[in-house]
Amino acid sequence: MVMKKVSDLRVLKLMANTIRQDIVRMLYEAKSGHSAGSIGLADIFAALYFNILKHDPQNPQWAERDRLILSNGHVCPVLYSSLANAGYFDKKELMTLRKLGSHLQGHPHLGTVAGIENSSGPLGQGFSFAVGMALVAKNERKRWRVYAVLGDGEHNEGQVWEAMMLATKYKLGNLTVIVDRNNIQIDGYTEDVLPLEPFADKYRAFGWNVIEVDGHNLKKVIDACEMSKAVFDRPTVIIAHTIPGKCVPFMEHLFEWHGKPPSKEQAELAIAELENQRKVIEEEG
Amino acid sequence: MTDSKTDMKLIPDLLAPTESKPSRDGFGKALVELGEKDPNVWVLTADVSESTRTHWFAEKFPKRFVQIGVAEQNLAGVAAGIAACGKTSFISAYGVFSPGRNWDQIRVSVCYNNLPVKVHASHTGLTVGEDGASHQALEDIALMRSLPNMIVLAPSDAEETRKATLAAAAHPGPVYIRTAREKAPVFTTKDTPFEIGKANVYRDGKDVAIFACGISVYESLKAAAALKSEGIDAAVIDCHTIKPIDRATIVKYAKKCGLLVSVEEHQIDGGLGSAIAEVLCSEQPCLLYRHGVYNRFCESGPGLALLAKYELDAAGIAKHVRLAMKLKK
C-alpha cells in the first residue's frame with residue numbers, strides 16, 4: 001500500500017526526533033561514522049519519507065514510486081533510520097551499522113537494503129544518477145519524480161556541475177535537488193575550504209529554479225517540494241539552510257563533528273537532550 | 001594459410017581480405033540493430049557521436065540518445081541512472097577519456113551497483129595515430145580488468161565487434177568494449193562463432209601459441225603465415241574476452257606448445273599478457289613472452305607506421321615470436 005502522507009507537523013517533528021535518537025545510538029554503536037550531517041538532515045528526511053515521497057515500504061520496487069537518490073552517502077544513518085521507521089526493515093538492524101555481516105554498509109549499497117536506490121560514497125555521483133533517472137521518466141512520461149539529496153561541500157566536485165548543466169539542457173522539471181547547506185565539510189567551513197558563494201546565484205546562472213528554505217522548518221521544506229512540482233520546464237534546487245548537528249547542542253555548527261561518532265558520555269548527553277525536546281514537542285499538543 | 005586452418009568460418013583467403021573497416025563501425029551497426037529490436041536500449045556519448053559511430057543510432061532513435069557534452073564523469077553516472085530504470089545503456093567515447101577519466105564513476109555507479117551499462121571505447125591503442133600519446137589509450141584494459149562485475153572485450157575486427165556488442169547487450173551486467181579508429185581487414189564472417197569468455201582458435205600450431213586481441217589478431221595471423229616458411233609452427237588465438245579469460249584454452253596451448261606469446265596494442269603490464277600470466281602461474285606453469293607497448297608513451301604518426309615502428313605489425317610480431325622461440329631452447 002502506498003504510504004499515507006503525514007501532514008500533522010507535530011507527528012513529523014516527533015519522527016525527526018526519533019531519527020535523531022536513532023542516529024546517535026547507531027553511530028555510538030558503530031564507533032565510527034558521520035554525525036553532524038546525518039543529524040542535521042533529520043527534519044528533511046522526516047519530511048521526505050513521511051510526507052513528500054510517494055512510496056510503498058511493503059513494495060520497495062513499486063514501479064510508480066518517487067525515487068530518492070542520496071548523493072552524499074556518508075550521511076546514510078539518516079536514510080537508514082528513515083527507511084526503518086517507514087517500515088522497510090526491522091529497526092533492530094539499525095544497531096548493526098558498519099559491522100561485519102550487516103546489511104547497513106558504511107556507505108549505501110544498492111541491493112543490500114530495501115528502499116535504497118543507489119550506491120554512493122564518492123561525491124557527485126548521485127547527481128548524475130538522478131539526472132539519468134529523470135531523463136527516463138521524462139522520456140516515458142512517467143508520473144514519478146526524482147529527488148536527490150546532496151551536501152554543499154559535495155559541490156567541490158566537477159561532476160556536480162556537469163550534471164547541473166545537463167539537467168537544464170533536457171528541461172528536467174521532474175527533478176528536485178535538495179542541497180544540505182550546512183556550511184561544513186571535513187577540513188573546515190565550506191567558505192574556507194573552497195568558497196561556494198554566491199551559491200544560489202550559481203544555480204540560477206545554470207538555469208535552475210532556486211528555492212531557499214530553513215531546512216529545519218518542516219512546513220517550509222514540504223511547501224518547497226510542492227512548489228518544485230509546479231515548474232515543468234526546468235529542474236528545481238532547494239537550498240536547505242541547516243545547522244550541522246542540529247538539536248544536539250554540543251555538536252551544532254562544528255565542522256569537527258563532520259566525521260566522528262559520539263563517545264558513551266556524549267551519546268548519553270545527546271539522548272537526554274533529545275528526550276527533553278521530545279517532551280516539549282509532545283506538550284505542544 | 002590453409003595448412004593449419006581451423007573451422008572458424010573465416011574468409012576464404014585470409015591473406016586477401018576484400019573489406020577493410022574500423023572496428024568502431026561494427027559497434028555502430030550493432031547499436032542500430034539493437035535499437036530496432038529493443039526499445040529499452042539507450043545510447044549516450046560525450047561530444048564524439050560521429051567518431052564513435054553512435055550518430056547512426058542517434059539518427060534513428062533520437063529520443064533514446066543522450067548527448068552529454070564533454071563530460072565523461074557525468075556520462076557514466078547518467079548512464080547508470082538510466083540503467084537503474086530497467087534500461088540497457090551504452091556509453092561511448094575515446095578510450096583515454098572513458099574509461100580514462102571516469103574510472104571512479106564506472107567503479108561505483110556502474111560496477112558496485114552492478115547495472116547493465118556497456119562502456120564502449122573507440123580510438124584505443126596506437127593506431128589513433130596523429131593525435132599522439134595523450135590520445136593513445138594503452139592502459140584501458142588494465143583499468144577495466146581490475147573491476148568486479150566487469151566483462152572486458154577487445155574484438156578483432158568490425159564483424160566480431162558487431163557480435164561482441166550484441167553479446168554485451170544480452171549480458172545482464174557491466175561490459176567494456178574496446179575498439180579502434182583505423183581501418184583494418186574484416187577477416188571473420190557472420191558465421192564465425194562468438195561467445196563471451198570463449199577464445200577463438202584461428203590457426204592451430206605446435207611450436208608456439210600466439211594469444212592476441214583487437215587488431216593484433218589479424219597481424220598475428222599474417223606473422224604466423226610468414227613464420228611457417230621458416231619452420232615455426234605457430235597457433236593463433238583470438239582472445240577477444242580478456243575478462244573472464246578462457247583458462248581452458250590457455251592451459252591447453254601451454255601444454256601443447258610449452259610457449260605462449262601475448263600480443264596486444266596496450267601496455268604489457270596489466271593487459272591481456274598479464275591476464276594470461278595469472279592463469280599460467282597457478283594452473284600450468286609455462287614460458288610466456290608478453291609483447292605490446294613496453295611501459296612507455298609513444299608519439300604522433302600514421303597509425304600503420306606506428307604499428308610498424310613499435311613492432312606490432314605482422315613483421316614486428318614475427319620478430320618477437322622468433323625472440324620468444326629462443327627462450328624455449
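Chain letters run A, B, ... following the sequence lines, proteins first and then strands; every chain starts at 1. All values reported here derive from a predicted model rather than from experimental measurement.
- Around the CZ atom of B:Arg296, the shell of radius 6.0 Å holds more than 12 heavy atoms that belong to other residues, nucleotides or ligands.
- Atom CG of A:Leu135 sits about 8.0 Å away from atom CG of B:Leu44, to the nearest 0.5 Å.
- Proximity to chain B at a heavy-atom threshold of 4.5 Å picks out A:Gln159, A:Glu162, A:Ala163, A:Leu166, A:Lys169, A:Tyr170 from residues 159-179 of chain A, in numerical order.
- Heavy-atom distances place the side chain of A:Glu140, and not its backbone, under 4.5 Å from chain B.
- Note: B:Val78 leads B:Val78, B:Val108, B:Asn114 in heavy-atom pairs under 4.5 Å with chain A.
- Within the structure, every pair that satisfies the side-chain hydrogen bond (donor to acceptor under 3.5 Å, both in side chains) test and touches residues 56-68 of chain A, not counting sequence neighbours, is listed here: A:Arg65-A:Glu117.
- Judged by distance alone, the side chain of B:Asn113 and the main-chain N or O of A:Ser119 form a donor-acceptor pair under 3.5 Å.
- With a threshold of 4.5 angstrom between heavy atoms, B:Leu115 approaches chain A through side-chain atoms but not through N, CA, C or O.
- Considering OH of B:Tyr112 and NE2 of A:His107, their distance stands at 10.0 Å, rounded to 0.5 Å.
- Counting only residues at least two apart or on different chains, the side-chain hydrogen bond (donor to acceptor under 3.5 Å, both in side chains) pairs with a member in residues 139-153 of chain B are B:Glu139-B:Gln267, B:Asp140-B:Tyr176, B:Asp140-B:Arg178, B:Arg145-B:Glu278.
- Note that the CD1 atom of B:Ile82 and the CZ atom of A:Phe129 stand 10.5 Å from one another [nearest 0.5 Å].
- Interface with chain A: from residues 86-107 of chain B, residues B:Lys87, B:Asp104, B:Gln105 qualify, criterion being any non-hydrogen pair under 4.5 Å.
- Of all heavy-atom pairs between B:Ala84 and A:Met133, the closest is CB-CE, 3.8 Å.
- The neighbour count for B:Lys163 NZ, taken as heavy atoms of other residues, nucleotides or ligands under 6.0 Å away, is above 12.
- Only the backbone of B:Glu72 comes within less than 4.5 Å of a heavy atom of chain A; no side-chain atom from C-beta onward does.
- No more than 12 heavy atoms of other residues, nucleotides or ligands shown are found within 6.0 angstrom of CD1 on A:Ile186.
- Heavy-atom contacts from other residues, nucleotides or ligands closer than 6.0 Å to NZ of B:Lys60 number 12 or fewer.
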